[in-house]
Amino acid sequence: MANNLLEGKRGVIFGALDEKSIAWKIAERCAEQGAKLTLTNAPVALRFGELDKLAEKLNATVIPADATNEEDLENLFRKSQEILDGKLDFVLHSIGMSLNVRKKRDYTDLNYDYMLKTFDISAISFHKMMQTLWKLDAMAEGGSILALTYIAAQRVFPDYNEMAESKSLLESFARSFGYHWAVKNKVRVNTVSQSPTMTTAGSGVKGFDVFFDYADKMSPLGNASAESCADYCVCLFSDMTRMVTMQNLYNDGGFSNMGMNPALLDL
Ligand code: NAI
């Protein structure tokens, strides 16, 4: 399905760890649609993940960066502009990690040092990314910046733990920074709120399998796959959506507007 929606565009993709990662599918789809890319992940993830495999397939360069480290981010965006030979047209933030979830701490017994680290990795990194791009004047006019999020920012999903607050913060950064980018050079900033998806980060959440099935039944179109998320992101990176900004956009098969679905009751 190549119609070159991203022909001639330059992009940076954060967060592809392995073939299951949503960012992996997004990178593949962006390349298919004609974009030139650099790929990045935390140095530790590069040791355990498979990003080199994707880079080889897409003929893209990997530049390590811890998304919480401003020096790493500056290096990443400087190098990306050199390698891709120009300012950036799009950037994807696809990063999430909760220390309290990883350490199996309940929401009523959270460790606050872990919580701050979680916010830094999962949300503040988005602001750091945008502020670094801003200071380097690295975004091309009319570009597009996206981050992936989850509906636990708006509704209660008890086992999502402190990631709920991380996503609220992330979405707020998209709105607030989105204003500044729009005024500066018509760059759009949005978040895509994705269905539960079987990935390393997703399946780290307690009871994820059962919840995945629940969401699938509740959504009239079923759960949105990582591939469908990739299609949506291509559209949002393209010039077809140049007036869409500061939005939280659902790619969730209709889940967010459902109250009750008889399919769940086995009627
Ligand atoms: P994933 O585990 O494949 O991706 C998470 C990525 O974050 C990994 O590549 C990891 O290395 C990276 N990361 C962690 N700490 C980092 C750091 N300090 N610096 C740079 N990168 C770092 O899982 P998935 O599901 O593809 O997650 C991508 C995004 O999608 C996350 O924001 C997640 O919250 C979001 N999302 C996932 C859903 C799911 O059910 N899987 C549903 C809705 C949103």
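As a basis for the values below, the full set of heavy atoms in this structure was taken, side chains included, without hydrogen atoms, waters or symmetry mates. Residue numbers run from 1 in the order of the sequence given. When a ligand or atom number is given, it counts from 1 through the structure's own listing order. Note that this is a predicted model, so its numbers are computed, not measured.
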Cation-aromatic face contact K184/W134, 6.0 Å, 45 degrees: yes

Run down the list D18, N41, L17 and name the one with the heavy atom closest to atom 11 (O) of ligand 1. N41

Using 30° and 60° as the class boundaries, would you call the ring planes of F177 and H180 parallel, tilted or perpendicular? perpendicular

Would you say T199 and ligand 1 have an N/O pair spaced under 3.5 Å apart? yes

Residue selection (non-hydrogen contact nearest atom 5 (C) of ligand 1) among S21, S94, P43: S94

Is the closest heavy-atom distance from A65 to ligand 1 below 4.0 Å? yes

Look at atom 37 (C) of ligand 1 and find which of T197, I22, L148 reaches it with the closest heavy atom. I22

Any nitrogen or oxygen of A201 lying under 3.5 Å from a nitrogen or oxygen in ligand 1? Just yes or no. yes

Is there at least one pair of N or O atoms, one from D66 and one from ligand 1, spaced under 3.5 Å apart? yes

Quick one: does S228's side chain have a donor or acceptor within less than 3.5 Å of a partner on A224's backbone? no

Contact with ligand 1 for W24, non-hydrogen, under 4.0 angstrom: no

How far is atom 19 (N) of ligand 1 from the closest protein heavy atom, and which atom is that? A67 N, 2.9 Å

Using only heavy-atom distances, determine whether the side chains of Q154 and E171 contain a donor-acceptor pair under 3.5 Å. yes

Relative to the ring of F255, is the ring of F157 parallel (under 30°), tilted (30 to 60°) or perpendicular (over 60°)? tilted

Output yes when the distance from some N or O of ligand 1 to some N or O of G15 is under 3.5 Å, and no in every other case. yes

Of the listed options K167, K25, E19, M163, closest to atom 32 (O) of ligand 1 (non-hydrogen atoms): K167

With side-chain hydrogen bond (donor to acceptor under 3.5 Å, both in side chains) as the test, pick out the partner of R78 among E74, Q81, E82. E74

Between D85 and K36, does any side-chain N to carboxylate O distance fall below 4.0 Å? no

If you measure from atom 7 (O) of ligand 1 to every heavy atom of L73, D72, I95, which option wins on shortest distance? I95

